[in-house]
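For reference, positions follow the sequence shown, starting with 1. None of these values were measured; they are calculated from a predicted model.
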Amino acid sequence: QVQLVESGGGLVQAGGSLRLSCKFSGRNFIILTMGWFRQTPGKERDFVAAKHWSSGTTYYGDSVKGRFTISRDNPENTLYLQMTSLKSEDTAVYYCAALDPRLGGSYLRSSDYNFWGQGTQVTVSS
């Protein structure tokens with residue numbers, strides 16, 4: 001079992017920056033793909049970014065390329081999402097998630113992830 005806890009959300013002005021954190025614990029975490037998703041009311045959960053923990057390989061959704069950066073802190077078992085040049089359309093609840101590649105699935109699909117955090121609200125004011 002893997003436990004994930006997000007933090008760092010809040011209210012920020014358009015054009016500003018925020019850094020989200022995801023602290024995780026559990027067995028065999030180094031084999032996992034870690035991802036960030038976001039969701040607004042009435043919409044499906046959308047892919048934002050992902051990182052394979054051990055290799056460092058990264059992936060980004062088209063809407064955030066060039067603005068968001070996913071990174072890791074190995075000793076502290078923490079995943080980060082650095083968000084810059086924020087827009088009003090970035091407003092959403094952001095979720096940290098973990099996918100076990102041994103179980104199959106794609107890093108792009110939220111339904112394939114095995115573990116989820118509780119979410120943290122990001123609100124970008126215009």
Side-chain angles (χ1 to χ4, degrees):
Q1 190 68 247
V2 176
Q3 293 80 46
L4 309 170
V5 180
E6 303 99 329
S7 62
L11 176 65
V12 64
Q13 293 181 322
S17 301
L18 278 177
R19 188 177 74 165
L20 306 183
S21 299
C22 174
K23 178 71 175 180
F24 61 90
S25 61
R27 297 179 180 179
N28 302 316
F29 66 89
I30 61 173
I31 70 172
L32 301 176
T33 296
M34 307 296 297
W36 289 98
F37 289 78
R38 64 187 183 185
Q39 187 171 28
T40 56
K43 297 182 179 180
E44 296 183 350
R45 193 166 295 183
D46 293 329
F47 173 74
V48 175
K51 177 182 284 289
H52 187 269
W53 192 257
S54 60
S55 72
T57 303
T58 59
Y59 314 90
Y60 293 97
D62 290 340
S63 64
V64 305
K65 287 180 179 178
R67 299 190 298 120
F68 291 10
T69 302
I70 188 170
S71 61
R72 61 181 177 179
D73 186 331
N74 290 348
E76 297 186 7
N77 297 334
T78 303
L79 183 75
Y80 299 101
L81 184 68
Q82 179 67 50
M83 306 183 293
T84 61
S85 301
L86 284 163
K87 308 172 182 179
S88 60
E89 52 262 44
D90 295 318
T91 296
V93 176
Y94 283 72
Y95 295 90
C96 179
L99 182 154
D100 187 343
R102 298 174 300 176
L103 302 178
S106 171
Y107 65 88
L108 291 170
R109 296 193 293 267
S110 62
S111 60
D112 288 343
Y113 280 71
N114 309 107
F115 310 102
W116 291 88
Q118 81 287 354
T120 185
Q121 176 71 46
V122 173
T123 302
V124 183
S125 62
S126 59

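- By the 4.5 Å heavy-atom criterion applied to side chains, T91 and Q121 are counted as neighbours.
- With sequence neighbours left out, Y80 forms a ring pair (Phe, Tyr, Trp, His ring centres under 6.0 Å) with no residue at all.
- Here the OG atom belonging to S111 is positioned 11.0 Å from the CZ atom belonging to R45, to the nearest 0.5 angstrom.
- Atom CG of D112 is separated from atom CG of L103 by 10.0 Å, given to the nearest 0.5 angstrom.
- The two residues S125 and L11 come nearest to each other via the heavy atoms CB-CD1, 4.2 Å.
- Distance alone, capped at 3.5 Å, places no donor-acceptor pair between the E6 side chain and the T120 backbone.
- Not a single donor-acceptor pair under 3.5 Å links the side chain of T33 to the backbone N or O of H52.
- At a threshold of 4.5 Å between non-hydrogen side-chain atoms, the residues R38 and S63 count as touching.
- Minimum interatomic distance between L79 and F24 (heavy atoms only, all atoms of both residues): N-CE2, 4.4 Å.
- Proximity of a side-chain donor or acceptor of N77 to a complementary backbone N or O of S25 within less than 3.5 Å is not detected.
- The closest side-chain heavy-atom distance from L20 to M83 is below 4.5 Å.
- Rounding to the nearest 0.5 Å gives a distance of 8.0 Å between CG of D73 and NZ of K23.
- Using a 4.0 Å cut-off between a side-chain N of Lys or Arg and a carboxylate O of Asp or Glu, K87 and D90 do not qualify as a salt bridge.
- Atom CD of E44 has 12 or fewer neighbouring heavy atoms from other residues, nucleotides or ligands inside a 6.0 Å radius.
- In this structure, V93 belongs to a hydrophobic cluster whose other members, linked by side-chain heavy atoms under 4.5 Å apart, are F37, F47, Y59, Y95, L99, Y107, L108, Y113, W116.
- Of all heavy-atom pairs between A97 and L4, the closest is CA-CD1, 3.6 Å.
- Closest approach of L86 and L18 over heavy atoms only: CD1-N, 3.9 Å.
- Counting only distance, with no hydrogens or angles, the side chain of T57 and the backbone of S55 share no donor-acceptor pair below 3.5 Å.
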